[in-house]
2 protein chains.
Amino acid sequence: MGTVGKALELLDLFTRVRPQLGLSDVSRHSGVNKATCHRLMTELQAYGLVEQVEPSREYRIGPAVLRLAALREETVPYKSIVQPVLVEATERTGESAHVSMLVGGRVELISFAYAQRHGTRVILHDAETLPFHATSSGLVILAHSGPALQKEVLGRPLPALTPQTETDPARIRARLETIRVQGYAESVGAFENDVHSFAAPVFASQGDCIAALAIAAPATRVTPALRDEMIAAALKGADDLTLKWGGRPPERAAPATIDAY
Amino acid sequence: MGTVGKALELLDLFTRVRPQLGLSDVSRHSGVNKATCHRLMTELQAYGLVEQVEPSREYRIGPAVLRLAALREETVPYKSIVQPVLVEATERTGESAHVSMLVGGRVELISFAYAQRHGTRVILHDAETLPFHATSSGLVILAHSGPALQKEVLGRPLPALTPQTETDPARIRARLETIRVQGYAESVGAFENDVHSFAAPVFASQGDCIAALAIAAPATRVTPALRDEMIAAALKGADDLTLKWGGRPPERAAPATIDAY
DNA sequence: GTTGTCGGTTCATTATTTGAACCACTGGTT
DNA sequence: AACCAGTGGTTCAAATAATGAACCGACAAC
């Protein structure tokens with residue numbers, strides 16, 4: 001990776017739980033020499049991708065992203081296309097729905113919708129990066145991606161986020177096969193306790209899987225009937241998005257559970 | 001400037017009128033060697049700041065900005081702070097209001113609000129870069145910035161966007177002085193014909209002028225009374241923002257026109 | 001065919017990036 | 001006051017990465 005990539009990777013250190021970082025923090029967390037960090041951050045700052053906040057001189061994401069995001073949404077109105085699909089899915093199931101995208105080798109949550117039906121619901125946050133191995137979105141994307149990404153992801157350490165998280169690369173690899181055949185992924189409490197979710201793949205025009213639509217409910221609420229409904233809604237929503245983004249939805253055998261679809 | 005800065009500058013080639021560019025376009029418009037462009041774009045693409053669209057292989061702004069923008073808004077809720085202030089200004093004057101920011105040496109429109117009172121109104125676009133010399137926002141920011149920025153901006157060629165655009169650096173410099181004394185800038189048809197606008201400066205905690213709040217109306221509608229109201233609303237809104245962003249509003253002598261404020 | 005474009009690649013030359021050590025400063029602790 | 005551990009930021013020779021003219025294959029127009 002070149003210098004540009006290294007600089008941009010520094011941006012990944014900023015997360016919703018750690019939105020501001022001092023120079024030494026940046027160096028520590030990235031493993032890059034402090035002097036180098038300083039130079040790179042200075043360049044990012046000159047463009048406005050980060051800014052320094054007085055008086056601590058900590059860095060945070062800068063205002064340049066506003067222009068870029070507005071331009072992106074104007075060029076590719078993903079979010080405005082996604083929203084109605086999510087709303088439909090939430091209204092159908094009564095549960096939270098979200099779309100995440102494969103960007104820069106990570107799964108980023110880009111949009112979500114809540115249903116109004118229940119007092120409890122799964123809460124989601126914008127700008128969140130989802131782990132591949134512990135979420136239905138991550139798994140379904142991984143299952144439909146090339147072996148290169150799979151090898152890279154499963155080669156990394158796989159932290160157990162809950163007692164239910166599967167961390168054995170071999171067993172995950174086996175699951176990916178199942179997911180590919182089924183056409184959707186299921187996750188029970190592997191990312192957060194008591195969250196039961198299903199995710200279906202969204203394909204781009206070239207046939208790559210670049211996103212996932214997921215539906216998540218509190219685990220205790222998932223009856224067999226709701227389960228079927230959630231799966232069907234996830235598949236339907238994902239296929240809608242695939243169509244609207246110019247891709248071709250996969251042909252699916254129609255098992256009993258997807259009759260509703 | 002280092003490699004990182006050069007790469008990021010390529011992002012500026014993408015505008016709302018030219019949202020997609022081929023490799024050769026990028027090279028031509030930036031003046032950078034095609035091979036270098038290719039390498040830089042590849043690195044930007046790896047992070048997701050740009051993406052390539054099939055089958056033309058043109059580049060456009062990528063999905064990574066979504067995460068960054070969401071994170072930015074979460075860390076620094078500029079847009080959500082700005083919006084109510086803009087609404088207040090539009091309701092008071094019945095005209096469009098917008099806020100632009102100084103980012104990376106450019107003036108970027110970051111948020112706007114329309115009033116409902118009239119059938120005609122000044123239309124604004126998100127993600128637009130405003131010229132310093134031909135807009136009230138640009139002028140008021142320039143007037144309250146350091147001599148370094150002024151020298152740089154006035155040293156560049158100043159295109160005449162309309163017959164009313166002032167393009168003589170010396171005369172602009174003189175105007176900046178007036179603007180600084182008055183505390184606001186006025187522009188009549190210098191950016192777009194028939195648009196009459198006023199802008200007031202927004203200051204950050206260190207006292208730098210980092211943004212401007214502007215109010216724009218169709219020129220034919222600007223009576224002396226509306227004029228006073230627009231100026232007062234711009235000053236009031238700008239001072240509000242300065243306060244909310246942690247700065248200290250400038251003390252102003254209170255001329256007759258600002259009594260309403 | 002010929003010509004001109006496109007996106008992308010190659011590789012010797014060149015210029016930039018890199019990082020250990022260093023400074024100046026701040027806020028605790030002894 | 002002296003000391004220590006931390007901060008953000010700077011220096012400069014050595015190492016490494018960026019650069020760009022020339023090139024390739026593909027496509028389109030003529």
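Throughout, a chain's letter reflects where its sequence line sits, starting with A, and its residues are numbered from 1. These figures come from a predicted structure and were not determined experimentally.
No side-chain heavy atom of A:L102 sits under 4.5 Å from any side-chain heavy atom of A:D208. Under the 4.5 Å side-chain criterion, counting only non-hydrogen atoms from C-beta, A:R28 is not in contact with A:K34. Side-chain atoms of B:H98 and B:S137, non-hydrogen and from C-beta on, do get closer than 4.5 Å to each other. Between A:F112 and A:D126 the shortest side-chain heavy-atom distance falls below 4.5 Å.
Checked against C:dC6, C:dG7, C:dT17, the side chain of B:R28 finds its nearest nucleotide in C:dC6. The nucleotide whose nearest atom lies closest to any side-chain atom of B:N33 is, among C:dC6, D:dG20, C:dT18, D:dG20. Side chain of B:T3, nearest nucleotide from D:dT19, C:dT18, C:dC6: D:dT19. Nearest nucleotide to the side chain of A:R57, out of D:dT10, C:dC6, D:dG9: D:dG9. The side chain of A:R39 approaches C:dT17 more closely than any other nucleotide in the set D:dG8, C:dA20, C:dT17. Set against D:dG9, C:dT17, D:dT19, the side chain of A:Q52 has D:dG9 as its closest nucleotide.
Ion pairing between a basic and an acidic side chain is recognised when a charged N comes within 4.0 Å of a carboxylate O; A:E152 and A:R156 show such pairing. Between A:D25 and A:R18 there is no salt bridge, since none of the side-chain N atoms of the basic residue sits less than 4.0 Å from a carboxylate O of the acidic one. Contact check on B:E9 versus B:K6 returns no salt bridge, with no Lys/Arg side-chain nitrogen under 4.0 Å from an Asp/Glu carboxylate oxygen.
Between A:L21 atom CG and D:dT7 atom C1' there is a gap of 14 Å when expressed in whole angstrom units. One interatomic measurement links the two molecules: CE of A:M1 to P of C:dT17, which rounds to 16 Å at whole-angstrom precision. Rounded to whole Å, the distance from CD on B:E58 to C1' on C:dG8 is 16 Å. Atoms CG (B:L40) and P (C:dG8) sit 14 Å apart, rounded to a whole Å. Remark: C1' of D:dG8 and CD of A:E51 are 17 Å apart, rounded to the nearest angstrom. Atom-to-atom, NZ of B:K6 to C1' of C:dT16 comes out at 8 Å; the value is rounded to the nearest Å. Look at NE2 on A:H38: it is 18 Å from P on C:dC23, rounded to the nearest Å. If you take CZ of A:R60 and P of D:dG8, they are 16 Å apart, rounded to a whole angstrom.
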Short N/O separations, protein against nucleotides 24-30 of chain D, under 3.5 angstrom:
none

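Regarding contacts with the backbone of D:dT7, a side-chain N or O of A:S24 is found under 4.0 angstrom from either OP1 or OP2. Dashed line: the shortest gap from a side-chain N or O of A:Y59 to OP1 or OP2 of D:dG9 is under 4.0 Å.
Nearer the 5' end of DNA chain D, as judged by each residue's closest nucleotide, is the contact made by A:A35, out of A:V4 and A:A35.
Summarising the geometry, atom CG belonging to B:L49 is positioned 11.0 Å from atom CG belonging to B:L10; distances are rounded to the nearest 0.5 Å.
None of B:R106, B:E108, B:R16 except one satisfies the side-chain hydrogen bond (donor to acceptor under 3.5 Å, both in side chains) rule with B:T129; the exception is B:E108.
End-to-end axis angle of the helix from C:dG1-D:dC30 to C:dT30-D:dA1, using five pairs per end and rounding to 10°, comes to 30°.
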Full working for side-chain hydrogen bond (donor to acceptor under 3.5 Å, both in side chains) between A:Q150 and A:S145: CA-CA 7 Å; A:Q150 295 182 10; A:S145 296; over 6 Å; no
